[in-house]
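Notes for the one structure printed next.
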Amino acid sequence: STRSLNMVQQQLAIMERVNREQEVRVVKLEGENSELKLRNQALEHEKQALKTGIEEAQEEVARLRESHSNMYQLLAEKDNQLDAFMADKQQQQQHQEASDAATMPGGTGGSG
């Protein structure tokens, strides 16, 4: 019966050692888990910051598009005004030349 007692004590010692190893593993895994949670939190913050940055960039793009659209519209209006002004000037010049020709004797430019 001393032999069976020794066997039981040996098994108990093995079980205690395994139990201690498991406890060490649990502590180690809990530490890793905490670390991963912190890293995950940091990534969530980074993700949110990127999301905000993207939204702000999209708003800026929309503002720039609107601004460019307004500028092109303004340029087109100014271009049309310039065309109208030039056409008007040309018409005035033609009328002036016609009126000058009509008032000159013989219409030859007065050198005759």
Side-chain angles (χ1 to χ4, degrees):
S1 95
T2 313
R3 222 172 95 197
S4 65
L5 183 62
N6 281 347
M7 261 177 71
V8 168
Q9 284 177 332
Q10 279 180 342
Q11 285 178 337
L12 188 62
I14 289 169
M15 287 166 74
E16 283 176 352
R17 186 173 52 83
V18 167
N19 193 32
R20 276 195 307 273
E21 288 171 0
Q22 295 292 350
E23 284 173 358
V24 167
R25 268 188 78 198
V26 165
V27 168
K28 190 176 168 188
L29 288 171
E30 283 174 347
E32 286 176 19
N33 192 33
S34 294
E35 203 177 303
L36 287 172
K37 280 182 181 175
L38 286 173
R39 237 189 284 172
N40 193 35
Q41 223 174 4
L43 287 171
E44 281 297 325
H45 287 303
E46 199 176 324
K47 179 182 165 187
Q48 194 54 50
L50 287 170
K51 204 172 169 186
T52 302
I54 287 170
E55 286 168 6
E56 288 172 357
Q58 286 171 337
E59 287 170 13
E60 182 66 15
V61 165
R63 276 196 298 272
L64 286 170
R65 279 192 179 137
E66 188 180 349
S67 174
H68 283 181
S69 172
N70 291 344
M71 277 196 292
Y72 281 120
Q73 197 174 346
L74 194 65
L75 280 172
E77 287 170 15
K78 293 290 178 194
D79 199 38
N80 291 341
Q81 287 174 1
L82 185 62
D83 287 346
F85 177 76
M86 295 299 283
D88 192 43
K89 278 286 178 199
Q90 195 173 7
Q91 205 172 15
Q92 282 180 10
Q93 194 178 356
Q94 286 171 351
H95 282 307
Q96 187 63 48
E97 287 170 359
S99 126
D100 286 351
T103 56
M104 285 183 196
T108 60
S111 60

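Here, residue 1 is the first one in the sequence, and each next residue gets the next number. These numbers were taken from a predicted model, which means no experiment stands behind them.
Taking CG from Asn40 and CD from Glu44, the interatomic distance works out to 5.5 Å, rounded to the nearest 0.5 Å.
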Please tabulate, for the side chains in residues 10-20, all donor-acceptor contacts under 3.5 angstrom to protein atoms that are two or more places apart in sequence or on a different chain.
unit_1	atom_1	unit_2	atom_2	d
Arg17	NH1	Glu21	OE2	3.2

Contacts table for residues 48-75: side-chain donor-acceptor under 3.5 angstrom, sequence neighbours left out:
unit_1	atom_1	unit_2	atom_2	d
Thr52	OG1	Gln48	O	2.9
Glu60	OE1	Arg63	NE	3.3
Glu60	OE1	Arg63	NH2	2.5
Asn70	ND2	Glu66	O	3.4

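Within the structure, salt bridge (Lys or Arg N to Asp or Glu O under 4.0 Å) pairs that include any residue of residues 82-105 do not occur (at least two apart or interchain). The stretch residues 23-40 participates, sequence neighbours left out, in these salt bridge (Lys or Arg N to Asp or Glu O under 4.0 Å) pairs: Glu35-Arg39.
In the hydrophobic clustering (ILVMFWY side chains linked at under 4.5 Å, chained through shared members), Phe85 is joined by Leu82, Met86.
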